[in-house]
Amino acid sequence: MSAKIITITSGKGGVGKTTATANLGASLADLGYRVVCIDADIGLRNLDVVMGLENRIVYDLVDVVEGHCKLRQAMIRDKHLNDLFLIPAAQTRDKTAVSPQDMVRISDELRQECDWILIDSPAGIERGFRNALAPADVVLVITNPEVSAVRDADRIIGLIEAEEKGPGKLILNRVKPEMVRRGDMLATEDILDVLAIDLIGVIPEDETILISTNRGMAASLDSKSIAGKAYRNIARRLNGEEVPFETLQGRDGFFGRISRLVRAGGVR
Amino acid sequence: MSFFERLRIGRRGTAYTAKQRLQTVLVHDRSGLSPGRLEALKVDMIDTLSRHVEIDRGSVQLSLTKERNQQRLVADIPLASRRSRRRTT
């Protein structure tokens, strides 16, 4: 086995990195792969609660780095999927407890253990982000259709390219098709136009994300969740499958369709 | 869709404003040249150019643009015309 290492990052906080990591991890494991998710947000760990594994933590990433335990001992097995694991971040330390070289060393050791390694990057552009970026084979940049999040995504894309880890791929999160249709939310094409990056998936705004986070189970394991389905499609694209981009359905009427045609026709 | 929403058809939504603002801010972010520093550069350029040729100081335009992946600093520097020179002197 030689795992592919995917780092999920965004620059701005709160746009969905951890949720994306948990959902992609579950989706890839559900496809039959052996997956290890690493929480690189030392001091502000959260991937454990999103995955519902907070009560099973004994060792963490810093314990591995400092040699207090073996890598295998820090890998917590998921409750639902046998081949999904979490290496949690330390909660009582800070980002300087781990270096980019440590991350590369641990990831190289892990490569032999699994098919996919997903690294949940902390927000920001400092040490924690550098740690998460260092071992990456592929970087996924996640953003919302908000000017602040898109601006930070652009900054991150620049840094990824400077580290020769680019070009990354974009996940556009929390899209409300209704608002896009009205012209009050940046459309996917607008964001791709501004950021000059390839798209790997669009996640619609969906209540099932919060509901599944409340329960500590990935929405991608819920067959009725539309956001979960979008994550499953991203996992398949990561896996090299050609999956067409889904058209997001919002309420639409005659005038909605007209207005879309008018806008598409370049009236602006 | 309500009557008022129908009336909005054809007007530019706020997404249009968002895109315009983003494009401007990203051009500055990527160049590392904030609008304030661009203005300072413009003043310095005008001072330097004025030592060699008489220019219409008020109409100088200095802007950052992006063409594909190439960022460009574009300056439009109108020379003071003879007529305007006569007027000002």
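Numbered from 1 within each chain, the chains take letters A, B, ... in sequence-line order. For clarity, every value in this text was computed on a predicted model and none was experimentally measured.
Rounding to the nearest 0.5 Å places CG of B:Leu26 at 11.5 Å from CZ of A:Arg155. To the nearest 0.5 Å, atoms CZ (A:Arg182) and OG1 (B:Thr14) are separated by 8.0 Å.
A:Lys12 NZ: more than 12 foreign heavy atoms inside a 6.0 Å radius. The neighbour count for B:Gln61 CD, taken as heavy atoms of other residues, nucleotides or ligands under 6.0 Å away, does not exceed 12. Within a 6.0 Å radius of NZ in A:Lys4, no more than 12 heavy atoms belonging to other residues, nucleotides or ligands are found.
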task: Check step by step if side-chain contact (heavy atoms from CB on, under 4.5 Å) holds for A:Leu186 and B:Leu22.
output: CA-CA 10 Å; A:Leu186 287 165; B:Leu22 256 175; 3.7 Å; yes
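In terms of heavy atoms, B:Gln23 sits closest to A:Val194 at CG-CG2, 3.9 Å. Considering every non-hydrogen atom in both B:Asp29 and A:Arg151, the closest pair reads OD2-NE, 2.5 Å.
Counting heavy atoms from C-beta on, the side chains of B:Val25 and A:Asp154 never come closer than 4.5 Å.
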